[in-house]
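Chain identifiers are assigned alphabetically (A, B, ...) following the order of the sequence lines, protein sequences preceding nucleic acid strands; residue numbering begins at 1 within each chain.
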2 protein chains.
Amino acid sequence: MPTITDVAKHAGVSMKTVSRVLNREAHVRPALRARVEESVRALGYRPNLAARQLAGNRSFIIAYPFNNPSAAYITDVLMGAARACGERGYHLVSEPIDLDDQATQVLDRLITTLRPDGIMLTPPLCDMALIVNHIAKFDIPLVRIAGRPDLFGESIIIDDREVSEQMMAHLISEGHRRIGFITPHPDHSLAQGRYQGYLQGLKTAGIAVEAELIRPGLFDVESGADAARALLELREPPTAIFAANDDMALGALQVAHSRNLNIPGDIAIAGFDDSPASRLAWPALTTVRQPMQLLGASAARLLLGEELDLDPIQYELIIRGSTSASGY
Amino acid sequence: MPTITDVAKHAGVSMKTVSRVLNREAHVRPALRARVEESVRALGYRPNLAARQLAGNRSFIIAYPFNNPSAAYITDVLMGAARACGERGYHLVSEPIDLDDQATQVLDRLITTLRPDGIMLTPPLCDMALIVNHIAKFDIPLVRIAGRPDLFGESIIIDDREVSEQMMAHLISEGHRRIGFITPHPDHSLAQGRYQGYLQGLKTAGIAVEAELIRPGLFDVESGADAARALLELREPPTAIFAANDDMALGALQVAHSRNLNIPGDIAIAGFDDSPASRLAWPALTTVRQPMQLLGASAARLLLGEELDLDPIQYELIIRGSTSASGY
DNA sequence: TTGAAAGCGCTAACAA
DNA sequence: TTGTTAGCGCTTTCAA
C-alpha cells in the first residue's frame with residue numbers, strides 16, 4: 001500500500017502539500033494540486049484512516065447507536081446516513097444498544113475507543129434523557145432525528161401533524177364521521193403530532209371529539225389489537241380507525257379479520273410509517289411514508305457541518321385498500 | 001483522556017508492560033498484571049483505537065457490507081455480530097452496497113481506508129462472484145453466511161432441507177396431499193435446500209411429484225402472487241402452498257384473500273424466514289425461524305479466530321394460523 | 001519477565 | 001504558497 005510519502009515523492013512535493021490536497025485545504029496552486037491528484041491516481045493511494053485519526057484528532061467516524069423498534073426504520077436511516085458519510089470520506093458505525101443497565105457502558109466504550117466525530121440518534125434513544133445526557137458529557141456533536149428539542153444536541157424536527165390532518169381529510173372524504181384513534185407511545189414526543197393532526201382534522205371537518213373513540217397505544221401490535229377491540233365493542237363503534245403507527249394498525253386489522261369484518265366496508269383502518277408489513281397486509285394498509293433515508297442522510301450531513309435546508313422533508317400519504325376500495 | 005503513559009506511571013511500570021496486560025499477552029507476573037489493571041480502572045483508561053491500529057497494523061474492525069433484501073434479516077445479523085465484536089474489543093462497520101457498477105468501488109474504499117481485520121457477507125452478496133473475488137484480492141479473512149461453498153472465504157453452511165421436510169410433514173399431517181411449491185431465488189444457492197426438502201417430504205409421504213405444482217419464485221411478493229395465481233387456476237388446484245420465503249407466501253396470501261378463499265380451510269399457506277410481516281399477517285403465517293443473530297455472532301467469532309461448534313444452529317418451525325386452525 | 005527505543009502514516013504548528 | 005519538524009498513542013523489536 002502506497003503511503004503519503006510515496007505520493008509526495010512521485011509528485012515531487014512535500015508530504016504536507018499532499019496532505020493539503022487530500023484535505024481540500026485552500027492555498028494550493030492548481031498546477032500542484034493537479035500534479036498531486038495525478039500521482040494519487042497513478043499510485044492508487046488511499047489514506048490510512050488510523051494515521052489520520054491519530055495525527056489529526058478526528059476519527060472520520062459517525063456513530064449511530066440504535067435500539068431496534070423496527071428493523072426497516074433502522075436500516076433506512078442507516079443506509080441514508082452511510083451513503084452521505086461515504087461520499088464525504090466518513091464511515092458510519094452502528095451499534096445496537098440494549099435498554100438495560102449496561103446501555104451507558106456500551107455507549108461509553110463506543111465513544112471512548114472510537115472517538116466518533118459525531119453521533120446520531122433516532123427514537124426511542126433520542127428521547128431518553130439518560131442516554132442523551134450521557135453523550136452530552138463527552139462534548140461530541142449530536143444530532144437527534146425526530147427527538148424532542150429540549151435535550152442536548154441538534155434535533156431534526158419533523159412535523160407529523162400536517163400529514164396526519166391529511167390522513168383525516170382522506171378518511172372524512174371517504175364518508176367517515178366516527179373515526180377512532182389509537183395514540184402514539186407517550187414517550188415518543190414528536191409523534192404526538194399525529195394525535196394533534198387527528199384532533200385538528202376533526203375540528204376542520206366540524207366533527208366533535210369523542211373521548212371514547214380515543215384509545216391509548218404503545219406502538220406495538222398488542223396495544224393496537226386491544227384498542228381496536230375496545231373500539232369495536234362500543235355501543236356505536238367507529239367506521240374507521242386511525243392508528244398512530246403501522247404495527248398498531250396491523251393489530252387492529254387482525255382483530256377486524258378475526259371478527260369477519262369487511263375492510264374497508266365495515267371498518268376502515270389506517271396506520272403510519274409505511275412499514276414493509278403494511279404493504280404486505282391484506283388489504284394493504286393506508287399509511288404515511290416518512291423519508292427515513294433522507295433524514296438519515298440529513299443527520300449525517302448536519303454532523304459533518306453542512307448547512308441544510310430541511311424544507312423539502314416530504315411526507316407522503318399512501319392510500320391503499322384498507323381505507324379505500326379504489327386503493328391498491 | 002488518560003493515555004497508556006499515564007497508566008504506566010500510575011502503576012510504576014513501563015508502557016510495554018501495560019500494553020502486554022491490555023493485549024492479554026503471556027509473560028506478565030500476576031502481581032504486576034493486577035497492579036496495571038488496578039491503575040487502568042483507577043484512571044478510567046481506554047485505549048485509543050487509532051493508535052493501536054497504526055502501531056499494531058490491525059484495525060479491530062469487522063466490516064459487514066450488505067445489500068438490503070430484507071431489513072429484519074440485516075439488523076438481526078448486524079445485532080448478533082455487533083455484540084460479539086463488542087465483547088471482544090472489536091467494532092462492526094456495516095455499509096450498504098448497491099448492486100450497480102459502483103459496487104466494487106464502494107467495497108474498495110471500505111477495505112483500503114478502514115483496513116478491516118475481517119469481512120462478513122450474507123445473501124445475496126455472499127453468492128456474487130464479482131463481490132467475493134474482489135474481496136479475495138485483498139487477502140482479508142472472509143466469512144460468508146449461507147453462501148455457496150465454492151467461493152473464496154469460509155462459509156457458514158446452513159441446512160434448509162431438514163426443516164423444510166418438517167414443514168412438509170406438518171402440512172401432510174394437516175391432511176394435505178396436493179401441495180404447491182414456490183421455488184427459491186435461483187441465485188441463492190443454499191436456499192435450494194428448501195426445494196429439496198419439499199421433494200423429500202413428498203417422497204417420504206409417498207406422494208408423487210407433480211410438475212404443475214412447482215412454480216418459479218424470485219423471493220419477492222410479486223413472483224409469489226403470480227405463482228399463487230397460476231396454482232389456484234389449475235384444474236385441480238393444491239390445498240396448500242409452501243413458498244420458499246415469507247414475502248412470496250404473503251403475496252400468495254394476498255391472492256387468496258382477493259379471491260375470498262378461506263385460509264387455511266380452502267388453501268393453507270406457509271413461508272420461510274419468520275419475517276416481522278409474517279407475524280402481522282392475517283392469518284399469521286406458518287413459517288421457519290432462522291437464528292440470524294446467532295449466525296451473525298458466529299461469523300464475527302470465526303473472523304476473530306475462535307473455534308466454533310456450529311452444531312446447535314437451530315431452525316424452528318413456527319406453526320401459525322395460515323396452515324392450522326389450532327395455530328395462533 | 002521487563003524495559004528502552006524506534007516508528008506506524010499522517011497532520012499541526014511553525015518557518016521559509 | 002510551500003516545506004520542515006515534531007509528535008499523536010500505541011506496538012514492535014530487541015536488549016537487559
Side-chain angles (χ1 to χ4, degrees), chain A residues 1-40 43-61 89-91 109 111-117, chain B residues 1-40 43-61 89-91 109 111-117:
Chain A
M1 286 260 111
T3 71
I4 201 171
T5 319
D6 302 324
V7 177
K9 253 176 220 149
H10 188 275
V13 298
S14 75
M15 261 172 66
K16 182 60 212 183
T17 300
V18 177
S19 173
R20 271 192 269 263
V21 171
L22 294 175
N23 290 297
R24 300 205 180 98
E25 286 173 30
H27 311 303
V28 181
R29 257 184 308 190
L32 258 198
R33 181 179 296 277
R35 192 134 55 86
V36 170
E37 278 166 353
E38 177 45 35
S39 297
V40 165
L43 297 175
Y45 167 76
R46 293 308 181 100
N48 180 320
L49 235 209
R52 298 182 84 186
Q53 292 173 343
L54 188 56
N57 220 29
R58 337 159 33 190
S59 64
F60 300 92
I61 284 175
Y90 272 69
H91 289 273
R109 208 183 63 87
I111 294 174
T112 52
T113 68
L114 239 36
R115 320 266 165 123
D117 294 334
Chain B
M1 285 263 106
T3 70
I4 200 171
T5 319
D6 300 325
V7 177
K9 253 176 222 149
H10 188 274
V13 297
S14 74
M15 262 172 65
K16 180 60 211 181
T17 301
V18 177
S19 173
R20 272 191 269 260
V21 171
L22 294 175
N23 291 296
R24 299 202 181 102
E25 287 173 30
H27 309 304
V28 181
R29 256 183 308 188
L32 259 197
R33 181 179 297 277
R35 192 132 55 85
V36 170
E37 278 164 354
E38 177 46 33
S39 297
V40 165
L43 298 175
Y45 166 77
R46 293 306 180 102
N48 179 320
L49 235 209
R52 299 183 83 185
Q53 291 172 343
L54 188 56
N57 219 29
R58 337 160 32 190
S59 64
F60 300 92
I61 284 175
Y90 272 69
H91 289 273
R109 207 184 61 88
I111 294 174
T112 53
T113 69
L114 237 38
R115 321 264 165 121
D117 294 336

Notebook entry, point to check: Can you check the B/Asn57 CG to D/dT11 P distance for me, whole Å?
Noted result: 12 Å
Next item on the list: Could you pick out which residue, A/Arg115 or A/His27, lies toward the 5' side of DNA chain D when each is mapped onto its nearest nucleotide?
Entry: A/His27
Notebook entry, point to check: Got a donor-acceptor pair under 3.5 Å from the side chain of B/Arg20 to the base of C/dG3?
Noted result: yes
Item checked: Spacing of B/Leu49 atom CG relative to C/dC8 atom C1', expressed in whole Å -> 15 Å
Next item on the list: With rounding to the nearest 0.5 Å, note down the distance linking CD1 in A/Ile4 to NZ in A/Lys9.
Entry: 12.5 Å
Margin query: Less than 4.0 angstrom between a side-chain N/O of A/Ser19 and OP1 or OP2 of C/dT11, yes or no?
Written below: yes
Next item on the list: Name the nucleic acid region contacted by A/Leu22, choosing base, sugar-phosphate or nothing; use a 4.0 angstrom heavy-atom cut-off, strictly under.
Entry: nothing
Check: Under 4.0 Å: is that the gap between some side-chain N or O of A/Ser14 and OP1 or OP2 of D/dG3?
Finding: yes
Checklist line | B/Ala51 side-chain proximity, nearest of D/dC10, D/dT2, C/dC10 | finding: D/dC10
Item checked: Heavy atoms from other residues, nucleotides or ligands near CG of B/Asn23 exceed 12 (cutoff 6.0 Å) -> yes
Note to self: If I take atom CG in residue A/Leu54 and atom P in nucleotide C/dG9, what distance separates them, rounded to the nearest angstrom?
What the structure shows: 12 Å
Next item on the list: Can you tell me the distance, in whole Å, between the NZ atom of A/Lys9 and the P atom of C/dG9?
Entry: 12 Å
Notebook entry, point to check: Expressed in angstrom and rounded to an integer, what is the separation of B/Asn48 atom CG from D/dT11 atom C1'?
Noted result: 13 Å
Next item on the list: Compare side-chain N and O positions of A/Thr17 against OP1 and OP2 of D/dG3 and report whether any pair is under 4.0 Å apart.
Entry: yes
Checklist line | 5'-most by nearest nucleotide on DNA chain C - B/Gly12 or B/Gly56 | finding: B/Gly12
Note to self: What's the separation between atom CZ in A/Arg115 and atom CG in B/Leu49, rounded to the nearest 0.5 Å?
What the structure shows: 9.0 Å
Check: If you look at every strand shown and take non-hydrogen atoms under 4.0 Å, does A/Asn23 touch a base, only sugar-phosphate, or nothing?
Finding: sugar-phosphate
Checklist line | Side chain of A/Ala55 (C-beta onward), nearest among C/dG9, D/dT11, D/dT2 | finding: C/dG9
Check: Starting at the 5' end of DNA chain C, which residue's closest nucleotide do you reach first, A/Tyr45 or B/Met15?
Finding: B/Met15
Notebook entry, point to check: Roughly how far, to the nearest 0.5 Å, is the CG atom of A/Leu54 from the CD atom of B/Gln53?
Noted result: 9.5 Å
Notebook entry, point to check: With side chains defined as the heavy atoms from C-beta onward, is the minimum distance between A/Phe60 and B/Thr113 less than 4.5 Å?
Noted result: no
Note to self: More than 12 heavy atoms of other residues, nucleotides or ligands under 6.0 Å from CG of B/Asp6: yes or no?
What the structure shows: yes
Notebook entry, point to check: What's the CD-C1' distance between B/Gln53 and D/dG9, to the nearest Å?
Noted result: 12 Å
Margin query: Can you say whether a donor on the side chain of B/Lys16 sits under 3.5 Å from an acceptor on the base of C/dA4, or the other way round?
Written below: no
Note to self: Can you see if the side chain of B/Arg29 gets near the phosphate of C/dT1 - specifically, an N or O under 4.0 Å from OP1 or OP2?
What the structure shows: no
Checklist line | Gap between atoms CD and P, on A/Glu25 and C/dA13 respectively (whole Å) | finding: 11 Å
Notebook entry, point to check: Between B/Ile4 (CD1) and C/dA4 (P), how many Å, whole number?
Noted result: 14 Å
